[in-house]
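One structure is given below, encoded as structure tokens.
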Amino acid sequence: MNAKIILLPGDGIGPEVVAEAVRVLSAVATHGGHNLKFTERLMGGCSIDRYGVALTDEVLADCQASDAVFLGAVGGPKWDDPQAKVRPEQGLLALRKGLKVFANLRPVKVRSPLIDVSPLKRNRIEGVDILVVRELTGGLYFAQPKERSITPEGYERAVDTLEYYDYEVRRVADIAFRLASDRRKKVTSVDKANILESSRLWRQVTTAVAADYPGITLEHLLVDTASMRLLIAPRQFDVIVTDNMFGDILTDEAAVLAGSMGMLPSASLGASGPGLYEPIHGSAPDIAGKGIANPLATILSGAMLLRYSLKLNAEAEAIERAVDRTLEKGFRTADLLTAGERAVSTREMTEQVLHELE
Ligand code: NAD
């Protein structure tokens, strides 16, 4: 297997965790006789510093011509001025739109060695295995108009638009149902249909899609109820499908179940073309440059890349097993510490995953 992979390490801890995950991907590729060609490009704050924009047309074109895109994280205090015209996140949004990756898969798995890292009670979270499918190229993050103005009375006014088309809901719901077919056969669609018109469309379309999947149970939940149930009864969820903003917020909440933001990977997929793989966490400026970031979310994103873009399922599972064994043996980066353990560095954690892979 030959594959071209574009690396966008980005800012903060992005380059630290991407470098480690690439070592793991390279080890797996060498072992399996696969030729993965990695090409590094700038995106985010580092691209603003160099080119004045968060994502250049050339980098987007390189990504579009690749087999997969592997991203770290973007942003940081240096580019945080709310008045700024160019912002690192613009690169992320342009990349998602440019690659047409409308379905963002975020698995939330409570790994048994980490149960006590979560502040939630063991009996609540044991065995939790949720797949959140977040709509990624529509809704509040993209719809127009987005604007700021001053009213004739002198008030400052800001507008974001929440808009969904039926086809946008249908295609992401379809992916959620397909993924549920290989899991525990339940889809929970999360919306705010008691208030929002776009949510009423969301509910109508997901209900229609469910008719194509008679073996799968569909439940609808309001986002406020869903956010509470995620904490009090998380095992009741199998696949969750939801809109762009609800998915963003609910998965940060779900990271508490898994023990740390540093544990959650993601894959963003479209109907065809390269997938985009990245940890769900940000650039963590508070720990950047210290060599202590948890690389596992990025390493697990690498496993998703192998599974979804390169169809190397056995290799993906080998990485996931190596991560589990590393945790079972008690290796913990600082974000995963409970009382009395010694923290390992980003590099040491990866070394152990590589050791377990062997
Ligand atoms: P963050 O996810 O960067 O960090 C939140 C907390 O989790 C911090 O305490 C951080 O140290 C910790 N954390 C995150 N990843 C970790 C890891 N791998 N190992 C150990 N600890 C980890 O969120 P934030 O602090 O709200 O945002 C920081 C910057 O990242 C901002 O500029 C924000 O815009 C950006 N951001 C980028 C993305 C992305 O690139 N996809 C996503 C979210 C936030």
Side-chain angles (χ1 to χ4, degrees), residues 7-21 24 42-49 54-55 69-82 84 86-97 99 101 104-106 114 117-119 132 134 136-137 141 244-245 247-268 276-302 304 323 326-327 331-338 341 343-350 353:
L7 302 177
L8 303 173
D11 310 311
I13 62 167
E16 300 171 36
V17 290
V18 167
E20 298 303 316
V24 174
L42 297 182
M43 206 274 281
C46 55
S47 173
I48 293 177
D49 289 350
L55 176 70
V69 179
F70 198 42
L71 170 72
V74 301
K78 184 174 175 192
W79 307 280
D80 260 356
D81 175 7
V86 283
R87 301 178 55 82
E89 293 76 11
Q90 291 165 343
L92 272 184
L93 297 186
L95 186 64
R96 291 168 181 170
K97 205 66 170 178
L99 293 174
V101 286
N104 180 212
L105 280 48
R106 299 182 157 198
L114 296 185
V117 180
S118 171
V132 180
R134 166 190 173 198
L136 200 63
T137 53
Y141 290 38
N244 204 339
M245 187 168 76
D248 196 0
I249 298 169
L250 288 177
T251 44
D252 267 32
E253 182 189 357
V256 178
L257 307 171
S260 165
M261 294 285 282
M263 289 304 303
L264 295 199
S266 84
S268 303
L276 171 64
Y277 301 86
E278 55 181 309
I280 79 154
H281 61 71
S283 59
D286 51 336
I287 57 167
K290 297 183 179 165
I292 60 170
N294 183 346
L296 296 182
T298 315
I299 290 172
L300 291 168
S301 302
M304 294 185 88
V323 165
T326 298
L327 294 169
F331 288 83
R332 302 279 183 272
T333 40
D335 56 310
L336 300 177
L337 289 187
T338 47
E341 294 156 320
V344 299
S345 66
T346 310
R347 175 50 65 108
E348 286 169 309
M349 191 67 139
T350 312
V353 173

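Start at 1 and go down the list; that is how both ligands and their atoms are numbered.
- At a 3.5 angstrom cut-off on N or O pairs, Gly282 counts as close to ligand 1.
- The side chain to side chain contact (heavy atoms under 4.5 Å, CB included) test with Leu296 singles out one residue from Leu327, Thr350, Asp335, and that residue is Leu327.
- Annotation: side chain of Val344 is not in contact with side chain of Arg332 (no heavy-atom distance under 4.5 Å).
- Which parts of ligand 1 touch Ala293 is read off a 4.0 Å heavy-atom cut-off, strictly below it: atoms 19 (N).
- Taking only nitrogen or oxygen atoms, main chain and side chain alike, Pro279 does not reach within less than 3.5 Å of ligand 1.
- Contact atoms of ligand 1 toward Glu278: 41 (N) (distance under 4.0 Å to a heavy atom of the residue).
- Between the Ser301 side chain and the Tyr277 main chain, no donor and acceptor come within less than 3.5 Å of each other.
- Residues His281 and Leu264 form no side-chain contact, since every pair of their non-hydrogen atoms from C-beta on lies 4.5 Å or further apart.
- Counting only heavy atoms, the protein gets under 4.0 Å from atom 36 (N) of ligand 1.
- Atoms of ligand 1 lying under 4.0 Å from at least one heavy atom of Gly262, given by number and element, are 17 (C), 18 (N).
- Residues Asp81 and Arg87 approach most closely at O-NH1, 3.2 Å, considering heavy atoms.
- At a 4.0 Å heavy-atom cut-off, ligand 1 touches Asn294 through backbone and side chain alike.
- Using a 4.5 Å heavy-atom cutoff, the side chains of Asn294 and Leu336 are in contact.
- Only the side chain of Leu92 comes within contact range of ligand 1, with a heavy atom under 4.0 Å; no backbone atom does.
- Look at Asp11 and Lys78 and you find no salt bridge, because none of the NZ, NE, NH1 or NH2 atoms lies under 4.0 Å from a carboxylate O.
- By the 4.5 Å heavy-atom criterion applied to side chains, Lys290 and Thr346 are not counted as neighbours.
- Rounding to the nearest 0.5 Å gives a distance of 9.0 Å between CD1 of Ile280 and CG of Asn104.
- Near Gly75, with a cut-off below 4.0 Å to any heavy atom, the atoms of ligand 1 are 32 (O).
- Near Ala73, the atoms of ligand 1 lying under 4.0 angstrom from a non-hydrogen atom of the residue are 40 (O).
- You'll find the side chain of Val24 stays beyond 4.5 Å of the side chain of Glu20, heavy atoms only.
- Leu92 has its side chain within reach of Leu71: a pair of non-hydrogen atoms, C-beta onward, lies under 4.5 Å apart.
- Protein heavy atom at the shortest distance from atom 12 (C) of ligand 1 is Ala284 CB, 4.5 Å.
- The backbone and the side chain of Val74 each have at least one atom closer than 4.0 Å to an atom of ligand 1 (non-hydrogen atoms only).
- Protein heavy atom at the shortest distance from atom 14 (C) of ligand 1 is His281 CB, 3.7 Å.
- Counting heavy atoms under 4.0 Å from ligand 1, residue Thr333 does not touch it at all.
- For atom 6 (C) of ligand 1, no protein heavy-atom neighbour is present inside the 4.0 Å cut-off.
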Evaluation steps, side chain to side chain contact (heavy atoms under 4.5 Å, CB included), between Val86 and Trp79: CA-CA 8 Å; Val86 283; Trp79 307 280; over 6 Å; no
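- Using a non-hydrogen distance threshold of 4.0 Å, Pro285 registers as a contact of ligand 1.
- Only the side chain of Met261 comes within 4.0 Å of ligand 1, counting heavy atoms alone; its backbone N, CA, C and O stay farther away.
- Nearest protein heavy-atom contact of atom 29 (C) of ligand 1 is Ser283 OG, 3.3 Å.
- Residues Asp248 and Arg106 meet the side-chain proximity criterion, which asks for heavy atoms closer than 4.5 Å.
- Per-atom contact check: atom 9 (O) of ligand 1 touches the protein, criterion being a heavy-atom distance below 4.0 Å.
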Intermediate values then yes/no, side chain to side chain contact (heavy atoms under 4.5 Å, CB included), Val132 and Leu250: CA-CA 9 Å; Val132 180; Leu250 288 177; 5.7 Å; no
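- Checking only distances, Ile280 never comes within under 3.5 Å of ligand 1, N or O to N or O.
- Of all the atoms in ligand 1, the ones that sit under 4.0 Å from a non-hydrogen atom of Glu89 are 33 (C), 34 (O).
- Ile48 places a side-chain heavy atom less than 4.5 Å from the side chain of Pro88.
- In this structure, atom 27 (O) of ligand 1 has no protein heavy-atom contact shorter than 4.0 Å.
- At a 4.0 Å cut-off, at least one heavy atom of Asp286 sits close enough to ligand 1 to count as contact.
- The shortest contact between atom 22 (C) of ligand 1 and any protein heavy atom is with Ile287 CD1, 4.0 Å.
- Atoms of ligand 1 found under 4.0 Å from any heavy atom of Gly76 (numbered from 1 in listed order, with element): 32 (O).
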